[in-house]
*Asks:* 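Here it is, the structure in full.
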Amino acid sequence: MPASAARHDETAYDRHRLRQWLAGDARADGVGRRRLLTLLAATAAATALPTPGPARADGPRRASDATIVKPLPPESFILRGTNAETRWEALRGTGRLTPNDLFFVRNHTATPLLDAHDWRLRLWGSGLRGAPGEDRPVEFGYDDLRALPSVTRTAFLECAGNGRTYYASQQGEAVTGTAWTLGAVGVARWRGVRLADVLRRAGLSSRAVDVQPRGLDAEYVSGGENLGRVRRPLPLAKALDDVLLAYEMNGEPLPPDHGYPVRVLVPSWVGIASVKWVGDIEVSAQPLFSPWNTTFYRLFGSAHPEGGSAPLTRQTVKSAFELVRGAAFPAGAGQVLHGRSWSGAGAIARVDVSTDGGANWRPARLHDRPRPDSWTRWSVPWRPVAPGPVELLARATDTAGRSQPDVAVPNAQGYLFDAVVRHPVTVY
Ligand code: MTE
């Protein structure tokens, strides 16, 4: 997108947030007002933690030109530029949690190699208490965060563009962006501190409306324009709700590719909100914007408002088979098909599977107690009859009543694909 269009988007979004702000609604974006009042009451009761030491702006140390540090064996990953997609067939037999070495990686540039001992998190901006106009940064070291009460939470992390390739292959829509199939998602058990606790200790002011975490990875250049470091604002209500500053993933320190030493983890929202290698957080009394909530991660196109939709928040409903595309099955032999479904709006209520291209459907057996923010594993028995090509389909419905449609509403950047994916196999 040209720079002028980006500026237009930013202006439009800024105006929208400003209107909300003037109406007293900016802080409630995405979270109910009653919930917000509870959260703010808790904030008012909190105290500030003394965090001595000058603010530092050291950049990351870089070890090599490789964009991803961990091994990416071809049987587990599909390489896509600076990113690595998990192969669904590699998840067969793994548990509910995606092992760290199988977890997809989405890097705008490259994984920086950071040292937890040098790392500092700086909070700054007009939404912190202090004399008007005073720049009053507050710093936390790694040990400061580890000393705070910790929480553990199981949550999926999914790129907003997961499934993007099916806009083209199933619906004939030309979209831009990484051609993910369905492997830009994983579920992990995250441990860290509540962002709310850190904001309170930093001296959150009653005027704060947005917080914007920023990564320590290199500045991102797109279409010849330097967009700066990856950063995306969060409305205060979400920041105070269930967001973590995570330092552990599945019981281990965060791996370098997933944000070591500390990342933001925003449950149920598009992956871009979960900023990795977080180095600072702006806390603002005015709505904030960045290219990641204006130019990117909104819906553009004829089905959407002129100037784009609101910035993306929750993820959609999806399902995937733990099976390679084009798998071959002998006719007449009993099989069990396995898969997983998930949603950003609630737990999975049911999954229906078709083994004949969508003519007939039957309910899958759910293997997990369905929980919000996680996926549910399922299976169906199948005895293929006649040799030939077959399409397998799975359609999930969540507890919020959202079900996967046959066709996803297209948007120029191919976000939030939610339609039922047709999975081709061969019976021989
Ligand atoms: N944070 C930083 N600093 N840099 C990035 O490139 N990518 C975002 C998000 N956080 C990104 C980032 C995107 S688009 C996604 S989908 C998730 O991180 C991916 O997290 P993962 O690589 O740990 O799977």
Side-chain angles (χ1 to χ4, degrees), residues 59-60 62 67-70 72 76-86 97-114 119 121 155-164 177-178 180 182-190 192 212-222 227-234 243-250 252-281 290-293 295-298 311-316 318 344 413-417:
R62 302 293 292 276
T67 61
I68 295 176
V69 170
K70 69 182 175 186
L72 300 168
S76 306
F77 289 100
I78 306 160
L79 302 188
R80 301 198 184 280
T82 54
N83 316 299
E85 172 169 359
T86 305
L97 304 180
T98 311
N100 292 353
D101 59 1
L102 280 182
F103 211 96
F104 84 101
V105 181
R106 164 71 176 112
N107 279 352
H108 280 72
T109 57
T111 296
L113 293 185
L114 303 176
W119 176 85
L121 175 64
F156 70 76
L157 183 69
E158 182 185 21
C159 192
N162 196 26
R164 173 182 284 129
T178 304
W180 302 111
L182 283 173
V185 60
V187 172
R189 193 141 174 78
W190 310 93
Q212 177 159 260
R214 182 165 52 167
L216 287 166
D217 40 341
E219 295 175 336
Y220 178 59
V221 177
S222 170
L227 302 179
R229 288 184 170 172
V230 172
R231 62 200 185 284
R232 189 178 201 251
L234 274 176
V243 176
L244 294 189
L245 290 171
Y247 45 70
E248 272 182 26
M249 182 177 178
N250 294 329
E252 295 168 12
L254 275 186
D257 296 310
H258 298 292
Y260 181 86
V262 177
R263 81 176 300 161
V264 180
L265 192 272
V266 183
S268 77
W269 281 31
V270 287
I272 185 61
S274 294
V275 169
K276 304 193 273 190
W277 315 292
V278 59
D280 73 285
I281 302 178
S290 85
W292 287 271
N293 72 338
T295 306
F296 307 121
Y297 300 102
R298 296 203 289 154
L312 302 183
T313 57
R314 288 181 186 279
Q315 276 289 5
T316 48
K318 290 195 190 66
Q413 291 161 323
Y415 296 127
L416 301 187
F417 188 87

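Every number for a ligand or one of its atoms is a count from 1 in the order of the listing. Just so it is clear, the structure is predicted and the values come from calculations on it, not from any experiment.
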*Asks:* Within the side chain of W119, is there an N or O that forms a donor-acceptor pair under 3.5 Å with the backbone of V278?
*Replies:* yes
*Asks:* Should you measure from each heavy atom of F103, which atoms of ligand 1 turn up under 4.0 Å away?
*Replies:* 24 (O)
*Asks:* Give the numbers and elements of all ligand 1 atoms closer than 4.0 Å to a heavy atom of V105.
*Replies:* 22 (O)
*Asks:* For ligand 1, indicate whether the residue L216 contacts it via side chain, backbone, both or neither (heavy-atom separation under 4.0 Å).
*Replies:* neither
*Asks:* Roughly how far, to the nearest 0.5 Å, is CZ of R263 from CG of L254?
*Replies:* 7.0 Å
*Asks:* Can you tell me which portion of Y297 lies within the under-4.0 Å heavy-atom range of ligand 1? Options are side chain, backbone, both, or neither.
*Replies:* side chain
*Asks:* Measure the CG-CG distance between N83 and D257 for me, rounded to the nearest 0.5 Å.
*Replies:* 11.0 Å
*Asks:* How many angstroms lie between atom OG1 of T316 and atom OH of Y415, to the nearest 0.5 angstrom?
*Replies:* 13.5 Å
*Asks:* Quick check: closest heavy atoms across Y247 and V262, and the distance to 0.1 Å?
*Replies:* CB-CG2, 4.3 Å
*Asks:* Could you grab the distance from atom CG of L97 to atom CG of L102, nearest 0.5 Å is fine?
*Replies:* 12.0 Å
*Asks:* Determine whether a donor-acceptor pair (N or O, by modelled atom type, separation under 3.5 Å) exists between the side chain of T98 and the backbone of V187.
*Replies:* yes
*Asks:* Side chain, backbone, both or neither: which part of D217 comes within less than 4.0 Å of ligand 1 when only heavy atoms are counted?
*Replies:* side chain
*Asks:* What do we get for Y220 next to ligand 1 when only non-hydrogen atoms under 4.0 Å count, side chain, backbone, both or neither?
*Replies:* neither
*Asks:* If hydrogens are left out, which of H108, R232, E158 has an atom nearest to atom 5 (C) of ligand 1, that is, the closest non-hydrogen atom?
*Replies:* H108
*Asks:* Return the NE2 to OG1 distance between H108 and T82, rounded to the nearest 0.5 Å.
*Replies:* 8.0 Å
*Asks:* What's the shortest heavy-atom distance between L157 and G271, and which atoms?
*Replies:* CD1-CA, 4.2 Å
*Asks:* Need the ligand 1 atom indices (1-based, order shown) with element for anything under 4.0 Å from a heavy-atom of N107.
*Replies:* 6 (O)
*Asks:* Indicate whether any N or O donor in one side chain lies under 3.5 Å from an N or O acceptor in the other, for S274 and K276.
*Replies:* no
*Asks:* What atoms of ligand 1 come closer than 4.0 angstrom to any heavy atom of W277?
*Replies:* 2 (C), 3 (N), 4 (N)
*Asks:* Return the residue, atom name and 0.1 Å-rounded distance of the protein heavy atom closest to atom 7 (N) of ligand 1.
*Replies:* R106 O, 3.3 Å
*Asks:* Considering only heavy atoms of L157, which atoms of ligand 1 have at least one such atom less than 4.0 Å away?
*Replies:* 20 (O), 21 (P), 23 (O), 24 (O)
*Asks:* Regarding atom 1 (N) of ligand 1: of the candidates R214, K276, R229, which has the closest heavy atom?
*Replies:* K276
*Asks:* Any idea which protein heavy atom is nearest atom 24 (O) of ligand 1, and the distance to it?
*Replies:* F104 O, 2.8 Å
*Asks:* At less than 4.0 angstrom from any non-hydrogen atom of G215, what atoms of ligand 1 do you find?
*Replies:* 3 (N)
*Asks:* Provide, to 0.1 Å, the distance between atom 20 (O) of ligand 1 and the closest protein heavy atom, together with that atom's residue and name.
*Replies:* R263 NH2, 3.2 Å
*Asks:* Among all the protein's non-hydrogen atoms, which is closest to atom 10 (N) of ligand 1, and how far away is it?
*Replies:* S274 O, 3.0 Å
*Asks:* Mind checking the CZ-SG spacing from R80 to C159? Nearest 0.5 Å is all I need.
*Replies:* 11.5 Å
*Asks:* Considering only non-hydrogen protein atoms, determine which one is nearest to atom 17 (C) of ligand 1 and report residue, atom name and distance to 0.1 Å.
*Replies:* G271 O, 3.6 Å
